[in-house]
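Notes to accompany the following structure.
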Amino acid sequence: VQLEETFIPSYFGWFLFASVQEKVKCTSMEFVKTLDTLDAFKKHLSDFTGKAEKEVDLEQYFEAKGPLHCTTKFCDYGKAEGAKDYALTPAVKDFYGSTTELSLTALFVTPRTVGARVSLTEEQLLLWPTDAEKEAESVVPAAASLPLGSRAHITLGCAEGVKAVQTGLDLLEILALQKEGQQGEPVEEMELGSLTYYGEGRWLLSLREPICTAACFSSYYK
Ligand code: 2AM
């Protein structure tokens with residue numbers, strides 16, 4: 001049993017091809033830089049700084065680590081709940097090493113994280129753990145009532161001291177607000193799409209054209 005445990009990875013997910021990682025990073029950096037210059041953002045700067053007068057350089061504020069990917073299942077080398085069952089799912093075996101195209105449909109920024117929303121296809125949902133949204137219930141109470149795959153995202157950066165797991169929770173929080181009927185405050189039409197403010201430093205850019213990126217379903221061992 002011990003031997004088997006060592007084969008369960010840190011996490012499974014879709015890893016973006018190296019050739020598209022730069023494109024995604026550049027697009028998100030461009031968005032973050034533009035957001036920083038908007039009057040609407042400056043008006044709500046205290047969400048990020050705690051103080052109205054203080055300035056923030058969003059480009060420096062977030063730090064990106066590791067290869068860009070969309071986590072399907074965090075396994076923690078077998079210690080996470082449901083890790084073994086997931087690793088043994090036929091779909092995981094069938095799709096392991098295969099290539100797919102991820103559709104990035106929105107970018108979001110909060111005082112904690114910056115990320116991209118990934119809209120999964122029916123086939124990609126076969127690899128999505130059925131309890132991924134429900135697991136977030138203690139943090140985002142409405143999470144369990146959101147459609148399967150709602151949590152799917154790519155972490156593009158985290159504020160100092162913030163762990164990557166936060167990105168999916170931030171996304172669920174925004175989607176839960178939308179589901180409750182909160183339209184958010186439409187801010188402006190940007191080149192990439194429409195920007196909406198959801199309060200408490202939560203900004204969502206719905207992309208006019210989704211960004212399609214090639215990715216490989218695999219796993220990560222640190
Ligand atoms: P991410 O998917 O938002 O990037 C290793 O830490 C990877 O697993 C990261 O990609 C991280 O977040 C994800 N991760 C860490 N802890 C997690 C958890 N409890 N639930 C889901 N994903 C987690």
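Just so you know, ligand 1 is whichever comes first in the structure, and atom 1 is the first atom listed for that ligand. This is a predicted model, so every value here is computed, not measured.
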For [X], counting its heavy atoms only, list the atoms of ligand 1 lying under 4.0 Å from any of them.
X	value
T71	1 (P), 2 (O), 8 (O), 10 (O), 13 (C)
H153	1 (P), 2 (O), 3 (O)
V165	12 (O), 15 (C), 16 (N), 17 (C), 18 (C), 19 (N), 20 (N), 23 (C)

Seminar exercise, completed: Closest to atom 14 (N) of ligand 1 by heavy-atom distance, out of Y11, F12, F74, Y220, is F74
Seminar exercise, completed: The option among R151, K222, H69, K73 carrying the non-hydrogen atom nearest to atom 20 (N) of ligand 1 is R151
Exercise. Side chains of D47 and Y197: do they bring a donor and an acceptor to under 3.5 Å?
Worked result: yes
Exercise. Could you walk me through whether R112 and E160 pass the salt bridge (charged side-chain N to carboxylate O under 4.0 Å, His left out) check?
Worked result: CA-CA 8 Å; R112 299 164 296 279; E160 204 185 329; over 6 Å; no
Exercise. With distance as the sole test, does Q124 use its side chain to make a donor-acceptor pair with the main-chain N or O of T121 at under 3.5 Å?
Worked result: yes
For this session: Would you mind checking if K134 and E137 are paired as a salt bridge, meaning a charged N to carboxylate O distance below 4.0 Å?
Result: yes
Problem set entry | Parallel, tilted or perpendicular: ring planes of F48 versus F62, cut at 30 and 60 degrees | perpendicular
For this session: Would you mind checking which non-hydrogen protein atom is closest to atom 11 (C) of ligand 1, with the distance to 0.1 Å?
Result: A164 CB, 3.7 Å
Exercise. To which protein heavy atom is atom 4 (O) of ligand 1 closest, and what is the distance rounded to 0.1 Å?
Worked result: T155 OG1, 2.9 Å
Problem set entry | Polar proximity ligand 1 side, S10 side, N/O cut 3.5 Å exclusive | no
Problem set entry | Within the 6.0 Å centroid threshold, strictly below: F41 and W203 | yes
